[in-house]
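Notes to accompany the following structure.
Below, read A as the first sequence line, B as the second, and so on, with proteins coming before strands; counting in each chain starts at 1. These numbers come from a predicted model, not from an experiment.
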Amino acid sequence: MRRILGPRFFRRDALTVARALLGKFLVRRVGRKETALMITDVEAYLGLEDKASHASRGKTKRNAPMFAAGGRWYVYFTYGMHWILNAVTGPEGHPSGVMFRGLEGLQGPARLTKALRISKRQNDTPIARATGLWIEDRGVRVPKSRIKRGPRIGVDYAGDWAKKPYRFKLL
DNA sequence: ACGATGATGAAC
DNA sequence: TTCATCATCGTA
């Protein structure tokens with residue numbers, strides 16, 4: 001069983017998508033080489049009201065991809081040296097997304113983009129095979145008992161929003 | 001604990 | 001135009 005996830009999967013609220021992404025496979029093709037790794041750690045970033053989200057300050061040149069309909073990549077640069085991968089979720093005009101924090105055997109949002117050679121070239125492109133970066137359901141079932149929810153990392157400045165359990169980790 | 005390293009956005 | 005901040009990581 002191997003199914004490529006399309007736009008419909010992503011056009012739901014970020015929390016639902018984040019939860020559903022655990023156990024799916026992020027697939028990257030570079031030249032003839034294909035790498036598929038199971039998704040094990042993600043964080044949901046909600047709409048304009050989520051103070052931890054880039055979208056909370058309104059639409060800017062950087063976060064514009066988040067305002068599109070779900071099913072696209074939002075890849076941004078931070079700390080002067082890191083690229084961070086996000087899947088845009090929700091309907092058009094409702095900026096939200098899911099950040100990829102860890103894959104099987106590859107922990108760290110900036111480490112996984114480096115390993116898979118993901119950078120601004122993937123920003124604002126569709127989550128599809130044609131992009132060279134897509135997501136597959138390979139039939140892995142993830143029971144609730146294997147999921148640990150907790151607060152998101154590195155968002156202490158976000159007040160009440162920093163404490164919300166929007167991180168989903170596969171144990 | 002902290003430096004690397006530069007884009008971003010808000011203030012001025 | 002300046003400046004603090006930053007969805008991080010590696011080294012100490």
Side-chain angles (χ1 to χ4, degrees), chain A residues 5 9-24 26 28 35 37-127 131 133-135 147-171:
Chain A
L5 302 182
F9 178 89
F10 299 98
R11 285 177 197 169
R12 297 179 289 167
D13 74 273
L15 289 169
T16 302
V17 175
R19 157 71 180 83
L21 279 173
L22 293 179
K24 301 297 189 294
L26 180 66
R28 172 74 169 125
T35 308
L37 291 170
M38 190 161 64
I39 298 163
T40 58
D41 197 351
V42 293
E43 290 177 356
Y45 285 85
L46 278 49
L48 295 163
E49 71 279 9
D50 180 357
K51 294 299 180 208
S53 171
H54 285 175
S56 68
R57 279 168 293 190
K59 191 174 182 175
T60 65
K61 188 168 185 179
R62 177 163 77 152
N63 67 24
M66 291 188 79
F67 287 75
R72 298 176 75 77
W73 295 115
Y74 169 42
V75 186
Y76 67 86
F77 188 71
T78 193
Y79 294 112
M81 60 187 89
H82 299 306
W83 293 99
I84 308 294
L85 178 68
N86 302 257
V88 175
T89 60
E92 184 178 0
H94 184 90
S96 61
V98 176
M99 184 187 110
F100 288 73
R101 177 162 286 284
L103 305 173
E104 193 175 18
L106 189 52
Q107 280 305 304
R111 296 173 76 189
L112 72 90
T113 54
K114 186 177 182 188
L116 296 177
R117 298 175 61 180
I118 293 164
S119 67
K120 63 169 174 253
R121 295 193 46 181
Q122 285 73 38
N123 187 37
D124 206 16
T125 64
I127 301 175
T131 311
L133 185 63
W134 68 98
I135 298 174
I147 299 175
K148 181 176 171 63
R149 288 187 66 165
R152 295 169 293 185
I153 302 298
V155 295
D156 293 345
Y157 58 86
D160 293 341
W161 289 88
K163 305 187 190 97
K164 295 183 185 290
Y166 292 168
R167 181 184 184 194
F168 296 80
K169 195 169 162 60
L170 184 57
L171 299 175

Might you point out which heavy atoms bring [X] and [Y] nearest each other, and give the distance in Å?
X: Leu106(A); Y: Ala115(A); answer: CD2-CB, 3.7 Å
X: Asn63(A); Y: Gly58(A); answer: ND2-O, 2.8 Å
X: Pro151(A); Y: Lys163(A); answer: CB-O, 4.0 Å
X: Ala64(A); Y: Lys59(A); answer: CB-CE, 4.0 Å
X: Arg12(A); Y: Val17(A); answer: O-CG2, 3.8 Å

Contiguous pairing runs of three or more, Watson-Crick or G-U under 3.5 Å, that involve DNA chain B:
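As far as DNA chain B goes, consecutive pairing (with distances under 3.5 Å) yields the stems B:1-4 with C:8-11, B:6-11 with C:1-6.
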
Sub-4.5 Å side-chain heavy-atom contact between Asn86(A) and Phe100(A):
no

Lys120(A) side chain near Trp83(A) side chain, heavy-atom distance below 4.5 Å:
yes

Please list, by residue number, the residues of residues 85-107 of chain A whose heavy atoms come closer than 4.0 Å to an atom of DNA chain B; answer none if no residue qualifies.
none

Quick check on contacts: within residues 108-127 of chain A, what sits under 4.0 Å from DNA chain B by heavy-atom distance?
none

Can you see whether Tyr45(A) has Arg152(A) sitting over its ring - NZ or CZ less than 6.0 Å from the centre and within 45° of the normal?
yes

Could you go through nucleotides 6-12 of chain B and list every protein N or O atom that sits under 3.5 Å from one of its N or O atoms, giving the distance for each pair?
residue : atom : partner  : partner atom : Å
dG6(B)  : N2   : Tyr79(A) : N            : 3.4
dG6(B)  : N2   : Gly80(A) : N            : 3.4
dG6(B)  : N3   : Gly80(A) : N            : 3.4
dG9(B)  : OP1  : Thr60(A) : OG1          : 2.4

Pick the P atom in dT5(B) and in dT2(C), then give their distance to the nearest Å.
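Straight-line distance between the two P atoms is 23 Å.
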
Got a salt bridge between Arg101(A) and Glu43(A), using NZ or NE/NH1/NH2 to carboxylate O under 4.0 Å?
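Salt bridge flag = yes for Glu43(A) with Arg101(A).
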
List the residues meeting salt bridge (charged side-chain N to carboxylate O under 4.0 Å, His left out) with Arg167(A), not counting sequence neighbours, and say none if there are none.
Asp41(A)

Extract, from 5' to 3' on DNA chain C, the first and final nucleotides lying under 4.0 angstrom from some heavy atom of chain A.
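Listed 5' to 3', the contact boundaries are dC6(C) to dG10(C).
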
Can you say whether the rings of His54(A) and Tyr76(A) are parallel (under 30°), tilted (30 to 60°) or perpendicular (over 60°)?
perpendicular

